[in-house]
Amino acid sequence: MYSLIEKDIISQLRTKEMISAMFIFILLVFVILNFGFFDVLQVIKADKKVAGSIGGLLWVALTFAAVLGLNRTFVSEKDEGVMDGLLLAPFDRSLIYWSKFFSNIIFLGVVQIISLPIFVLFFVSEGFLAELGLLILTIVLGDLGIVAVGTLLSAISVNTKARDLMLPILFFPVIIPLLIGVVKLSGFVFALNADPQKVSLWLQFLILYDIIFLIVPFLVFDFIVED
Amino acid sequence: MNSSRINNILAIILIPLFLIAIYLVFYYAPVEQILGFSQKIFYFHVPLAWNGLLGFTIVFVASIAYLRTQKKIYDIVAHSAAEIGIIFTTLVLITGPIWAKPAWGTWWTWDVRLTTTLVLWLLYVGYFMLANSVEEEGKRGRFSAVYGVIAFIDVPLVFFSIRWWNSIHPVIFNTPSSGGMQLDPQMKVAFFFSLFVFTVLFAVLMTLRIKLGKAEEDLIQLKEGS
């Protein structure tokens, strides 16, 4: 499995196509959000009570960028016939899923590490550092769920006629509960209003969601790659 | 008597059944005191919603059965149930706002049940589009079955997340009907009769759709054979 992840990382380092596309896309979404919500953003800067809404902007950018990257997960495998080789290889097929899961986590993480400071610079007025730990925890739990569901569904969508068109349609409805959780938690962070009881409720919800969608691929991935 | 004959008879019986249901709803059941005439839509709205959910539950069960046995019939059943479930849920989403406008003063609110129903609809439209986007027989069945399972697992998560989201927000709209709507015995008769009629409609549509699915399957087999 390590060698499979290594292969993805090496090919990514050579072309940088996925990471750079995701990053530029996020920047573009930030610019569009600024103009799309110009008046709202002025209100948010002035009033702490509604500052939580910035969490929504962050996750719009992050999930759209994630879909962009997730779409590519199995494309090279499919187009260059790597998949047939992997299926013939003498190891458990779910390893194909897990190696892709970890490479996607790494790619998405790298993009977020670069783009999060820019987000703060553009949209966040001050003082959110107090809750930085919670924000990072939220993003980690969010990423686990997004990548768990996205990697599984991209293995399906790469086999359809519509391909890149299919993934968002399948992916977004499934991650809506996760998005509700991460938007809520990021809202607490940016509004500097983290009531421990609510925070722990939402954290537990995210953990539950992640566990469910990390178990599901174990049960169903074999059916997707079966030939 | 073969099954298609039974189905034809049921389909014909549906006509008087619907007429009786309409009579019970509009003439037998009294007009609700607070909501007035608009409440009548509930006799159609709620049975549609229940049968829509029944459809999606069948998708889930048939999907698991298909993944375990790889028998074509379960694939056909799952697709049929999804299609009919989508149609029923679409009608739920149309009848809901028609009622909400006079009752709540707005066509749409991001209330728990409304939002969950909309996400449910989106999930199964995704299922439907997926099934139509895969050409190879076996793959189509397996992919849509996997998505059928994922979608069904997701529904309770959607429901609870929206509920918790809302509980922290103030309640904007007062809903006199939410919680225990007091149903008068005559209303109950009309409601349960309507529920029964819609369930028969669901069963008839299911049987027809499964028959169609089998016929399509036979046609493919014949084409390949020749």
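Order of the sequence lines sets the chain letters (A, B, ...), proteins ahead of strands, with each chain counted from 1. Source: prediction; values computed, not measured.
Contact of A/Leu208 with chain B is made through the side chain alone, with heavy-atom distances under 4.5 Å. Of the atoms belonging to A/Leu219, not a single heavy atom falls under 4.5 Å from chain B. Only the side chain of A/Leu153 comes within less than 4.5 Å of a heavy atom of chain B; its backbone N, CA, C and O stay farther away. Looking at A/Val216, the atoms closer than 4.5 Å to chain B (heavy atoms on both sides) all sit in the side chain, from C-beta outward. Within the 4.5 angstrom heavy-atom criterion, no atom of B/Leu120 approaches chain A.
The closest side-chain heavy-atom distance from A/Ile180 to B/Trp164 is not below 4.5 Å.
For B/Lys139 against A/Asn159, the heavy-atom pair with the smallest separation is NZ-OD1, 3.2 Å. Heavy atoms only, all atoms of each residue included: A/Pro177 and B/Asp154 are closest at CG-OD1, 3.6 Å. The heavy-atom pair separating B/Arg142 from A/Ile224 by the smallest distance is NH1-O, 3.8 Å. B/Ser133 and A/Ala162 get closest at one heavy-atom pair: OG-N, 3.3 Å. B/Leu130 and A/Met166 make their closest contact through N-CE, 3.3 Å (heavy atoms, listed as atom of the first residue, atom of the second, distance). In terms of heavy-atom proximity, B/Val134 sits nearest to A/Thr160 at CG2-CG2, 3.7 Å.
Residue-environment remark: CH2 (A/Trp59) exceeds the threshold of 12 foreign heavy atoms within 6.0 Å. Residue-environment remark: CZ (B/Arg209) exceeds the threshold of 12 foreign heavy atoms within 6.0 Å. Around atom CD of A/Gln197, no more than 12 heavy atoms belonging to other residues, nucleotides or ligands sit under 6.0 Å away.
To the nearest 0.5 Å, the span separating CZ on A/Phe172 from CG on B/Leu123 amounts to 13.5 Å. Between the OG atom in B/Ser161 and the CH2 atom in A/Trp202 there is a gap of 6.0 Å [rounded to 0.5 Å]. The structure places CZ of B/Phe160 at 9.5 Å from CZ of A/Phe205, a figure rounded to the nearest 0.5 Å. Taken from OG1 in B/Thr116 to CD1 in A/Ile176, the straight-line distance is 10.0 Å, to the nearest 0.5 Å. Note: A/Phe223 CZ to B/Phe143 CZ = 12.5 Å, rounded to the nearest 0.5 Å.
Side chain of B/Tyr147 to backbone of A/Leu170: a donor-acceptor contact under 3.5 angstrom is found.
Interface summary for chain A: among B/Val149, B/Leu118, B/Ile150, B/Val119, the most heavy-atom pairs under 4.5 angstrom belong to B/Ile150. Contact count against chain B (heavy-atom pairs under 4.5 Å) is highest for A/Val174 among A/Val174, A/Ile169, A/Leu152.
Of residues 55-74 of chain B, those residues lying under 4.5 Å from chain A by any heavy-atom pair are B/Leu67, B/Gln70.
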